[in-house]
Amino acid sequence: MILIVAEKRSVAQAIAKYLGRSYRVQRIHGVPVYSFSYGGREAAALGLSGHIMDFDFAARQNVWTWLPPEELFNATPLLVVRREALDYVKALRALAAKADEVYLALDADVEGEAIAYEAALVVRSVNKRAPIRRVLFNAVTPREITAAFQRPTKLDLKKVEKVFTRMQIDLTLGAAFTRFLTLAVREHLERGRFLSYGPCQTPVLGMVVTRELQRRNFKPEKYYILKALVEVEGHRIEMSSDVRYKSREEGERAAASVKHGVVKTALYKPHEVEPPEPLETVELERRASRWLGINAKKTLDIAEELYRAGYISYPRTETTIYPQTLDLREILRDLAETEHGPYAEELLRRSFKPTRGDSDDGAHPPIYPTKGATKAEIMKIFGKAGAQAWAIYDFVVRHFLATLSPPALVEKQKIAAAFGGVEMYAEGQRVISEGYWRIYPWERQRDKPLPRVSPGAPARAIKVEVVERETEPPPQMTESELLALMKKYGIGTDATMQDHIHTNVKRGYMKLAKGRCVPTDLGIALATALFQHAPELIEPTVRAKIEAALNSIVRNSTPPPKLIAEVKAEFRTYYENLKARREEIKKALLNALNTHRQ
DNA sequence: GCAAGGTC
């Protein structure tokens, strides 16, 4: 029997569908297994649910009050089977015992490689002989899957080592600092509550707190600009200066010279606004947070449900290029009977060229609709969550249609006039062609046209005024901006970024309100203490440094034990710095915990 | 009871 192990149920099912002519589903220990015939032999495909193993400390090391947290730097975490994965492991063992050939068809990324290794460990525990092979495919399509099974390869142990090293480092650092913080204020915490640290969650908090403190410490300054109503060739144009005058007097002096001038430039340039790139996870979350008022975690939860119900493709992806094998016209035809039908049919009637980003994660395509659906259908299936499910589905469809649509065309307009030494400007634009905005209203730009005037024409100021303005603090951090920063600094992955924001909310470090991130007193106190006494723990670059070190395992064959020892030694010094300031940190945290309670 | 990463 040929055993095939996939990362998730949907892939196992797809493999059975593509490799066999037909398949049967049976449940082993509650886990669906897809059986079919392949090359005249019996085959079974089993889908896991991500990792089946995890690292943990030995039992006695998990007694927080008994073990000083710094001792964790001397401990070595153990690889154990996850309790939640027990049924999967049982099913895998049962099938592996009967297998005479095993194919590890996990996703083609480092995590997939690690999960493949975990599966191989389970297989070997019951079957010493069956050859174990690894298959790699970039998309779950008949062509890719068939080809992958024709050229099987071997496990890449370097990638496995990288992932296992990351797991151990994250656990050790997370546990040591979480326990330190929690034990410092233990008697003042409610039961079951703790103060956590993590190499992703904490830098996220740091960015939000930094912004909040910038806002609080901001000192607004007054400045003055000129505004004028200017007549040129019979047209009246509102113009303003881009110079910021420090005082009203200075402004008045400049204003005095704004009487008769001349048009220096009059530009009317056509400009194409390109439709968006194919959709990936973080962009979906950012746009939903900004435009639909649905936060990132909720968005991914809903997208997951839409995926499981067969309406959209796999929602955790970094890819912004449609694969060659994806039939875009077929998807358009599938939308025909829905609200989006007329637009889809219009696209079908003409030739189109999809936009293209520059990212391919090698494992999943961009997010696109896999089934046409009407609002009524989605509302019915999703019940209470119907409105939000429709909002996300409708967005995915519109985004998909936008990527196949022509650009919008606007005329960018700019007029500059010189009045002696003072230059005044006006900017405007006229929409020539709506292009993809018709289906993608969130990016639609307004018409605010300027009249047509000629360079060299005389300009006469009818009215001039000095307007007082104030410099403004940076805006509150939006969730959308935070996600963009996380991506920039390499904090988290496409699938986990929203989790790291949510963890800070769960811990009481920040709140999300109307798409904005607002740190609590506790969050500010924690971040401030870390910035003061162990900045290396909270700076946004921490994660990227760890990630770079991990990559040296794959690139330079750095032995994991050496790397783990180095990282531990480094973070141990940060730990000592915090420990030396324990009382001070405790006081600041308690202070915040108490104000928080009132 | 800690993390981050898969996935349900």
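- One can place CG of A/Leu173 at 12 Å from P of B/dA3, the figure rounded to the nearest angstrom.
- Residue-environment remark: CZ (A/Arg572) exceeds the threshold of 12 foreign heavy atoms within 6.0 Å.
- A straight line from CG of A/Leu537 to P of B/dC2 spans 19 Å, rounded to a whole angstrom.
- As rounded to whole Å, 18 Å separates atom P of B/dA4 from atom CD of A/Glu118.
- Using a 4.0 Å heavy-atom criterion, one finds that A/Asp56 contacts the bases of the nucleic acid, with or without backbone contacts as well.
- Across the protein-nucleic acid pair, A/Glu304 atom CD and B/dG6 atom P stand 13 Å apart, rounded to whole Å.
- Residue A/Gly198 is classed as a sugar-phosphate contact, given heavy-atom separations below 4.0 Å to backbone atoms only.
- The aromatic rings of A/Phe571 and A/Phe177 stand perpendicular to each other, their planes meeting at an angle above 60°, with 30° marking the opposite boundary.
- Following rounding to the nearest Å, A/Met167 (CE) and B/dA4 (P) show an atom-to-atom distance of 13 Å.
- Note on A/Glu304 versus A/Arg308: salt bridge recorded, some NZ/NE/NH1/NH2 to OD/OE distance being below 4.0 Å.
- Counting any heavy atom pair closer than 4.0 Å across all strands shown, A/Pro199 reaches sugar-phosphate atoms only and no base atom.
- Distance A/Phe571 CZ to B/dA3 C1': 12 Å, rounded to the nearest Å.
- Among B/dA4, B/dC2, B/dG6, the nucleotide with an atom closest to any side-chain atom of A/Asp170 is B/dA4.
- Within 4.0 Å (heavy atoms only), A/Gly112 reaches no atom of the nucleic acid at all.
- You won't find any donor-acceptor pair under 3.5 Å spanning the side chain of A/Asp499 and the base of B/dA3, going by distance alone.
- Of the candidate nucleotides B/dG1, B/dG6, B/dA4, B/dG6 has the atom lying nearest to any side-chain atom of A/Ile115.
- Under a 4.0 Å N-O distance rule, the pair A/Glu283/A/Arg287 qualifies as a salt bridge.
- If you check every strand for non-hydrogen atoms under 4.0 Å, A/Arg308 touches sugar and phosphate atoms only.
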